[in-house]
Amino acid sequence: MFLESIEIFGFKTFVTNTRILLSPGITCIVGPNGAGKSNIVDAVRWVLGEQRYTLLRATESTDLIFSGSGLRKPMSVASVKLILNNEAHTLPLKTPRVIIERRFYRTKESHYYLNGEEASLQKINSVFHAANVFGYTNSIVGQGKIEEILLSRPEEKKSLIDRIA
Amino acid sequence: MFLESIEIFGFKTFVTNTRILLSPGITCIVGPNGAGKSNIVDAVRWVLGEQRYTLLRATESTDLIFSGSGLRKPMSVASVKLILNNEAHTLPLKTPRVIIERRFYRTKESHYYLNGEEASLQKINSVFHAANVFGYTNSIVGQGKIEEILLSRPEEKKSLIDRIA
Amino acid sequence: IKNEFEITLKGIEKNFQSFYEKMFKGGKASLEKIPDELGEVRGIELNVTLPGKKKQSLHLLSGGEKTLVALAFLFAIFKVKPSPFYILDEVDAALDEDNVVKFGEILEEEAEDAQFIVITHNKETMQRGDFLYGITMEEEGVSKVVSLKLV
Amino acid sequence: IKNEFEITLKGIEKNFQSFYEKMFKGGKASLEKIPDELGEVRGIELNVTLPGKKKQSLHLLSGGEKTLVALAFLFAIFKVKPSPFYILDEVDAALDEDNVVKFGEILEEEAEDAQFIVITHNKETMQRGDFLYGITMEEEGVSKVVSLKLV
Ligand SMILES: Nc1ncnc2c1ncn2[C@@H]1O[C@H](COP(=O)(O)OP(=O)(O)OP(=O)(O)O)[C@@H](O)[C@H]1O
Ligand SMILES: Nc1ncnc2c1ncn2[C@@H]1O[C@H](COP(=O)(O)OP(=O)(O)OP(=O)(O)O)[C@@H](O)[C@H]1O
Ligand SMILES: [Mg+2]
Ligand SMILES: [Mg+2]
């Protein structure tokens, strides 16, 4: 089970469908300030189910959809897909690839899709569980956040370890 | 009036008397992690009168004195000097150079010296005032602190501007 | 008293806009008065619109964008209430190559009227120094200062 | 339940010490149980002694030292509870040249068992990527992704 690619469309600064193919090892993302690198991180957090807008650098849900530029109108929907390789059959589906998509409309309608069909959050979470994608916020270290783990109080470190145990 | 040099002795990792001559323009300080660069910043904050130990990355006053290493014993006193050039006679003293020193002993005795003679905090502050060294925390941006000014609440920005006005 | 505040605010805003223009090619910046229920000024907020983008809350900016906006505001304050020296500790940490150059150019300009002590790991910023000091720890736990010649 | 916690804690500590040793040449690290008034475990704190220095509160460490200790702890957690992929956004910002190399070597080792997505401005870290993507904004406000070849 590995993450093959991420597709981002309409989310923050990703206006056209953007596909990022991932290495089985290290994939580096570089570029100028403000280009959209951390927006990719936000996109992955979001498709994994993050609901806290502060962690997505947004004040309200509609901040996640492309809000327009000098040359383009705002978009009406944001979509982020994770394409998981399932050739080892560790996920509870028969397909060699499993596509999880989260979509959010400016009307505030929100949907999850599994291999193209609408799915409940419960079903989506069972796939994440089988993929060992737990407490995703542990495996994602946001920009400027690396020191946070040190500065957290001993109680917080204990509860982190409790969740792991 | 300009800052000619800083002398640090016994403060944090500065075991031997260390003099840093300053350019009238830009002085760059470089070196490996943990070498002592930010400790120089703490030293200047401290000699300017900083009392909040959190801003000096210390939990108690004695944290400011060299606490010993594998090869050396702890020291008993910390001293930081600012040597101000007064050839333009803008400071309330007749000497071409004015030396302000702050000393702190492990016994918790604390003294200020002006051109080598013990001086009251009031006298020291009048020299800083004449030197336009106000609200020093504005002119010193600590490591990792550049974003703080943005994230401060509007009330805090207003009170900052009040103090400047 | 209110007049002092207004004059100072105008001065900071003017300088904030001027530094903002140097940092971003385009876009707008301003200082906004936040009123309380009586119409008095309760707070001041920074308003920025990045070139080609819409006005957004400061929280939505990228790491490097936040650094540049913060530096523009700080330098504006330095202009309005000058100090003989400033100390900047690794303020360039989040900047890309081009923005490090912009920061360095602004530093050189402002250093004509004031002293700057700049701590950095960045090779480009190091070049801006008239004096360069290396701090090392030859002996464990003990800082040593070495004066370095710029090549 | 308590046994689960103890086993997990031991595992994290062992890995924390092993990563700590890779990052610092020497010194000691451990995880300390902080008891409450009943003697129960109320919290866990990281104890580190840097080579040649005395044990100090984490707050007194330098910027780069804090990053290395935080990374050692995080990687220890990754080892004990593996995830298929990890995302690190500019975690190398405070590191000097030598520590960026150390970080990169650890990354390469850990990437044998898991995927890493690493955002960086650092040229040394960029070399570690098997795949390299450049994100640019040719058109204002719109991100564009370009696949870059490593030379
Ligand atoms: N909904 C949205 N619509 C349009 N633009 C957006 C939206 N949300 C965020 N942005 C823009 O995205 C930019 C931030 O991008 P991001 O944080 O990914 O940059 P980055 O590449 O990580 O840069 P840095 O190197 O400075 O960290 C900001 O300029 C912000 O205005
Ligand atoms: N009183 C003290 N006695 C001895 N060592 C001390 C004392 N106070 C702080 N230190 C040590 O000083 C070091 C921190 O130095 P400093 O913050 O100046 O590093 P730096 O050069 O700024 O590094 P970085 O590039 O990582 O920011 C720490 O390792 C700390 O243990
Ligand atoms: Mg970023
Ligand atoms: Mg430092």
Side-chain angles (χ1 to χ4, degrees), chain A residues 1-3 12-16 18-32 34-41 44 66 68-72 84 131-136 138-151 153-158 160-162 164-165, chain D residues 4-5 7-9 12 34 41-46 58-59 66-67 69-71 73-74 77-78 80-91 93-94 107-108 111-112 115-121 125-126 128-137 139-145 147-148:
Chain A
M1 205 308 289
F2 61 94
L3 187 54
K12 294 204 174 189
T13 52
F14 291 88
V15 169
T16 56
T18 302
R19 166 174 250 198
I20 299 165
L21 210 62
L22 297 172
S23 158
I26 299 170
T27 303
C28 276
I29 298 180
V30 303
K37 308 179 295 296
S38 299
N39 288 346
I40 296 169
V41 181
V44 175
F66 176 69
S69 67
L71 304 174
R72 294 190 191 236
L84 307 170
N132 279 352
V133 178
F134 310 105
Y136 43 81
N138 274 341
S139 44
I140 299 182
V141 183
Q143 189 165 1
K145 297 281 182 260
I146 182 73
E147 283 191 15
E148 253 184 18
I149 189 115
L150 275 199
L151 306 179
R153 293 173 297 117
E155 291 80 355
E156 294 170 296
K157 290 188 178 85
K158 173 174 184 298
L160 167 64
I161 296 176
D162 280 332
I164 294 171
Chain D
E4 281 279 5
F5 178 82
I7 292 169
T8 306
L9 184 67
I12 294 175
I34 311 288
V41 181
R42 176 172 73 87
I44 298 292
E45 195 48 280
L46 311 185
L58 297 173
H59 297 283
K66 280 186 190 142
T67 290
V69 173
L71 285 172
F73 186 58
L74 269 169
I77 289 174
F78 295 167
V80 166
K81 183 157 182 163
S83 192
F85 62 85
Y86 302 99
I87 307 185
L88 308 175
D89 195 344
E90 292 192 31
V91 297
L107 254 190
E108 289 192 348
E112 290 172 15
Q115 290 173 286
F116 281 86
I117 298 170
V118 180
I119 296 179
T120 184
H121 285 296
T125 303
M126 285 182 211
R128 306 287 178 175
D130 308 309
F131 288 12
L132 187 64
Y133 289 102
I135 316 292
T136 60
M137 253 188 190
E139 177 189 339
E140 60 184 27
V142 176
S143 293
K144 176 179 178 179
V145 181
S147 168
L148 305 172

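So that the names make sense, note that chain A is the first sequence line, chain B the second, and so on, each numbered from 1.
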(request) Could you tell me which of A:Leu3, A:Val15, A:Leu22 has the largest number of non-hydrogen atom pairs under 4.5 Å with chain D? (result) A:Leu3
(request) Pick one of side chain, backbone, both or neither for A:Thr18, based on which atoms fall under 4.5 Å of a heavy atom in chain D. (result) side chain
(message) Can you confirm whether A:Phe14 sits close enough to D:Val145 that some side-chain heavy atom of one is under 4.5 Å from a side-chain heavy atom of the other?
(response) yes
(message) So for A:Ile40, is it side chain, backbone, both, or neither that comes closer than 4.5 Å to the heavy atoms of chain D?
(response) side chain
(message) Please classify the contact of D:Ile12 with chain A as side chain, backbone, both or neither, using a heavy-atom distance under 4.5 Å.
(response) side chain
(message) Donor-acceptor check, side chain of D:Ser83 to backbone of A:Val133, threshold 3.5 angstrom: yes or no?
(response) no
(message) When you compare the side chain of D:Phe85 with that of A:Thr27, does any pair of heavy atoms fall below 4.5 Å?
(response) no
(request) Find the one option among D:Glu140, D:His59, D:Glu108 whose heavy-atom pairs under 4.5 Å with chain A are most numerous. (result) D:Glu140
(request) Quickly, which of A:Lys37, A:Gln143, A:Lys145 forms a side chain to side chain donor-acceptor pair (under 3.5 Å) with D:Glu90? Name it, please. (result) A:Gln143
(message) With chain D as the partner, which of A:Gly36, A:Gly25, A:Gly31 has the greatest number of non-hydrogen pairs under 4.5 Å?
(response) A:Gly25
(request) Sort A:Ile20 into side chain, backbone, both or neither according to what part of it lies under 4.5 angstrom from a heavy atom of chain D. (result) both
(message) So for D:Leu88, is it side chain, backbone, both, or neither that comes closer than 4.5 Å to the heavy atoms of chain A?
(response) both
(message) Working to the nearest 0.5 angstrom, can you tell me the gap between A:Glu155 CD and D:Glu45 CD?
(response) 9.5 Å
(message) Using heavy-atom distances under 4.5 Å, tell me whether D:Ile34 contacts chain A through its side chain, its backbone, both, or neither.
(response) side chain
(message) Against A:Val30, only a single residue in D:Ile119, D:Thr136, D:Leu148 fulfils side-chain contact (heavy atoms from CB on, under 4.5 Å); can you say which?
(response) D:Leu148
(message) Just so I know, are the side chains of A:Ile161 and D:Phe5 near enough to count as touching, which here means a heavy-atom distance under 4.5 Å?
(response) yes
(message) Please classify the contact of A:Ile149 with chain D as side chain, backbone, both or neither, using a heavy-atom distance under 4.5 Å.
(response) side chain
(message) As an exercise, state the distance from CG of A:Asn138 to OH of D:Tyr86, rounded to the nearest 0.5 Å.
(response) 9.0 Å
(request) Answer yes or no: is there a side-chain heavy-atom contact under 4.5 Å between D:Val142 and A:Leu71? (result) no
(message) Under a 4.5 Å cutoff for heavy-atom pairs, which residue among D:Thr120, D:Leu58, D:Thr125 has the most contacts with chain A?
(response) D:Thr120
(message) Heavy-atom pairs under 4.5 Å with chain D: which of A:Thr16, A:Asn39, A:Val41 has the most?
(response) A:Val41
(request) Over all heavy atoms of both residues, which pair between A:Leu150 and D:Lys66 is shortest? Give the atoms and the distance, please. (result) CD1-O, 3.4 Å
(message) Would you compute the distance between atom CD of D:Gln115 and atom OG of A:Ser139 and round it to the nearest 0.5 angstrom?
(response) 11.5 Å
(message) Quick one, D:Leu71 and A:Ile146 - any side-chain contact, counting heavy atoms below 4.5 Å?
(response) yes
(message) I'd like to verify something: which residue of A:Arg72, A:Met1, A:Glu156 has the highest number of heavy-atom pairs under 4.5 Å with chain D?
(response) A:Arg72
(message) Can you tell me how far apart CG (D:Leu132) and CD1 (A:Ile26) are? Round to the nearest 0.5 Å.
(response) 11.5 Å
(message) Please give me the minimum heavy-atom distance between D:Leu46 and A:Lys157, naming the atom from each residue.
(response) CG-CE, 3.9 Å
(request) Decide yes or no for D:Tyr133 and A:Leu21: does some side-chain heavy atom of the first lie under 4.5 Å from some side-chain heavy atom of the second? (result) yes
(request) Report the option among A:Ser38, A:Gly68, A:Gly34 that has the most heavy-atom pairs separated by less than 4.5 Å from atoms of chain D. (result) A:Ser38
(message) I'd like to verify something: which residue of A:Pro32, A:Gly142, A:Cys28 has the highest number of heavy-atom pairs under 4.5 Å with chain D?
(response) A:Cys28
(message) Quick check for you: to the nearest 0.5 Å, what is the distance between A:Arg153 atom CZ and D:Arg42 atom CZ?
(response) 9.0 Å
(request) Would you give the length of the straight line joining atom CD1 of D:Ile135 to atom CD1 of A:Ile29, rounded to the nearest 0.5 angstrom? (result) 5.5 Å
(message) Is there a side-chain contact between D:Ile77 and A:Leu160 in this structure, where contact means two heavy atoms from C-beta onward sitting under 4.5 Å apart?
(response) yes
